[in-house]
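The structure presented is a predicted model; accordingly, all values stated were derived computationally and were not measured. Nothing fancy with the numbering, it's 1 onward along the sequence.
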Amino acid sequence: GGVQDAAGADDEPMRAHLADIEVQIAVELGSVSMPLGALAELAAGTILPLSTTESTPLPVFVEGARRFACRPQAVEDGRVLVTLLDQEAP
């Protein structure tokens with residue numbers, strides 16, 4: 001039989017439907033604060049010193065909500081790969 005919810009109804013059809021829905025996942029590399037005057041001077045080629053270090057876990061957002069932490073793992077075919085470390089409470 002299928003999985004039942006608290007009311008005893010079979011929610012397997014709902015799970016199957018939800019399994020195909022696309023969600024947006026984003027990893028935040030870091031941030032920096034600066035005076036507005038410095039922001040106005042930014043140009044292509046400017047290097048920004050971010051708040052993260054090589055060992056800092058990076059936050060992973062699912063549909064805009066922080067859900068996981070990760071670490072950069074490798075670059076493959078020009079794409080950065082990350083390893084999820086843990087799931088954060090909503």
(message) Main chain of Phe68, side chain of Gln87: is a donor-acceptor contact present, judged purely on distance under 3.5 Å?
(response)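 Between the backbone of Phe68 and the side chain of Gln87 there is no qualifying donor-acceptor contact (under 3.5 Å).
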
(message) So does Arg71 get a backbone contact from the side chain of Thr83, meaning a donor-acceptor N/O pair under 3.5 Å?
(response)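 Not at all, since once roles are kept as given, no pair shorter than 3.5 Å links the two residues.
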
(message) List the residues meeting side-chain hydrogen bond (donor to acceptor under 3.5 Å, both in side chains) with Ser33, not counting sequence neighbours, and say none if there are none.
(response)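 For Ser33 there are no side-chain hydrogen bond (donor to acceptor under 3.5 Å, both in side chains) partners, ignoring immediate neighbours.
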
(message) For the CG atom of Leu84 and the CZ atom of Arg67, what is their distance to the nearest 0.5 Å?
(response)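 Going from the CG atom of Leu84 to the CZ atom of Arg67 covers 13.5 Å.
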
(message) Rounded at 0.5 Å granularity, tell me how far CG in Leu18 sits from CD1 in Ile21.
(response)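 Rounded to the nearest 0.5 Å, the CG-CD1 separation comes out at 4.5 Å.
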
(request) List in chain and number order the residues that pass side-chain contact (heavy atoms from CB on, under 4.5 Å) with Ala38, two or more places apart in sequence or in another chain; answer none if no residue qualifies. (result)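 So Ala38 forms a side-chain contact (heavy atoms from CB on, under 4.5 Å) with Met34, Pro35.
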
(request) Examine Val27 and Leu50 and state if one hydrophobic cluster contains both, with Ile, Leu, Val, Met, Phe, Trp and Tyr joined whenever side-chain heavy atoms are less than 4.5 Å apart. (result)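 Hydrophobic grouping puts Val27 with Leu50.
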
(request) Check whether Leu39 and Ile47 end up in the same hydrophobic cluster, where Ile, Leu, Val, Met, Phe, Trp and Tyr are linked by side-chain heavy atoms less than 4.5 Å apart. (result)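 No, Leu39 does not connect to Ile47 through the hydrophobic network.
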
Would you name the heavy atoms of [X] and [Y] that are closest together and state the gap between them?
X	Y	answer
Leu58	Leu29	CD2-O, 3.5 Å
Cys70	Val60	SG-CG2, 3.5 Å
Glu22	Glu63	O-OE2, 4.4 Å
Pro49	Val32	O-CG2, 3.4 Å

